[in-house]
Amino acid sequence: MGQSVERFEITGLVQGVFYRKWARATAEGLGLRGFVRNRADGSVEAVLAGPEERLDGFAEACRAGPPDARVEQIRRLPAKAGDMPEGQGVTIAEDA
């Protein structure tokens with residue numbers, strides 16, 4: 001089972017609704033590692049590594065998000081291993 005690294009850009013009403021905490025818990029529950037952060041444009045970004053089918057599961061879960069979120073779009077882009085933080089688990093990174 002190969003590892004992939006992907007960048008997820010989630011737009012809509014995703015800041016101020018606990019989306020980052022929800023995304024971190026969801027990604028960790030899937031056994032992924034990486035980070036989640038708010039972006040200045042109002043989106044949430046996640047850079048995660050793990051098996052492709054688990055990344056697919058994360059993307060599918062992101063369509064709903066936490067109860068108060070209103071997701072408009074999820075973009076999946078390739079990322080590099082160098083984009084990943086050290087260590088295991090998923091962190092909430094400083095806003096970008």
Side-chain angles (χ1 to χ4, degrees):
M1 189 165 25
Q3 299 280 307
S4 296
V5 182
E6 287 192 35
R7 179 178 317 278
F8 297 82
E9 296 174 354
I10 303 117
T11 60
L13 177 59
V14 292
Q15 289 189 14
V17 294
F18 299 100
Y19 200 98
R20 288 177 302 165
K21 287 183 180 183
W22 173 90
R24 178 181 63 188
T26 300
E28 285 183 336
L30 289 166
L32 301 172
R33 67 179 192 89
F35 70 87
V36 179
R37 66 182 173 187
N38 283 338
R39 306 264 318 165
D41 64 3
S43 67
V44 168
E45 174 185 45
V47 177
L48 301 169
E52 189 67 34
E53 62 272 5
R54 293 184 185 182
L55 293 168
D56 291 344
F58 179 78
E60 188 59 35
C62 283
R63 295 189 194 295
D68 292 332
R70 300 293 175 262
V71 175
E72 292 176 4
Q73 182 179 23
I74 300 167
R75 291 184 59 207
R76 291 176 73 171
L77 305 164
K80 299 176 186 158
D83 295 338
M84 298 295 298
E86 296 292 323
Q88 298 297 312
V90 180
T91 62
I92 294 180
E94 187 174 319
D95 294 355

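Computed from a prediction, not measured in an experiment: that's the story for all the values here.
Under the ring-ring contact (aromatic ring centres under 6.0 Å, His included) criterion, the residue pairs touching residues 36-58 are F8-F58, with sequence neighbours excluded. Within the structure, ring-ring contact (aromatic ring centres under 6.0 Å, His included) contacts touching residues 70-96 (residues at least two apart or in different chains) do not occur. Sorted by first and then second residue, the pairs that involve residues 57-70 and meet salt bridge (Lys or Arg N to Asp or Glu O under 4.0 Å), not counting sequence neighbours, are E60-R63.
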Validation: residues 72-81 side-chain donor-acceptor distances under 3.5 Å, sequence neighbours left out:
residue	atom	partner	partner atom	Å
R75	NH1	E9	OE1	3.1
R76	NE	E6	OE1	2.7
R76	NH1	D56	OD1	2.9
R76	NH2	E6	OE1	3.2
R76	NH2	E6	OE2	3.0
R76	NH2	E52	OE2	3.3
R76	NH2	D56	OD1	2.9

Report, one line per pair, each donor and acceptor closer than 3.5 Å where one atom sits in a side chain of residues 16-27; sequence neighbours left out.
residue	atom	partner	partner atom	Å
Y19	OH	C62	O	2.9
R20	NH1	D95	OD1	3.4
T26	OG1	W22	O	2.9

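The cluster map of Ile, Leu, Val, Met, Phe, Trp and Tyr, joined by side-chain heavy atoms under 4.5 Å apart, puts V5 and L55 in different clusters. Cluster membership for L30 and V36, using ILVMFWY side-chain heavy atoms within less than 4.5 angstrom, is shared.
The OG1 atom of T91 lies 9.0 Å from the CD atom of E28; values are rounded to the nearest 0.5 Å. The distance from the CD atom of Q15 to the CG atom of D41 is 7.5 Å, given to the nearest 0.5 Å.
Residues passing the side chain to side chain contact (heavy atoms under 4.5 Å, CB included) test with A96, sequence neighbours excluded: R37, R39.
Residues M84 and F35 form no side-chain contact, since every pair of their non-hydrogen atoms from C-beta on lies 4.5 Å or further apart.
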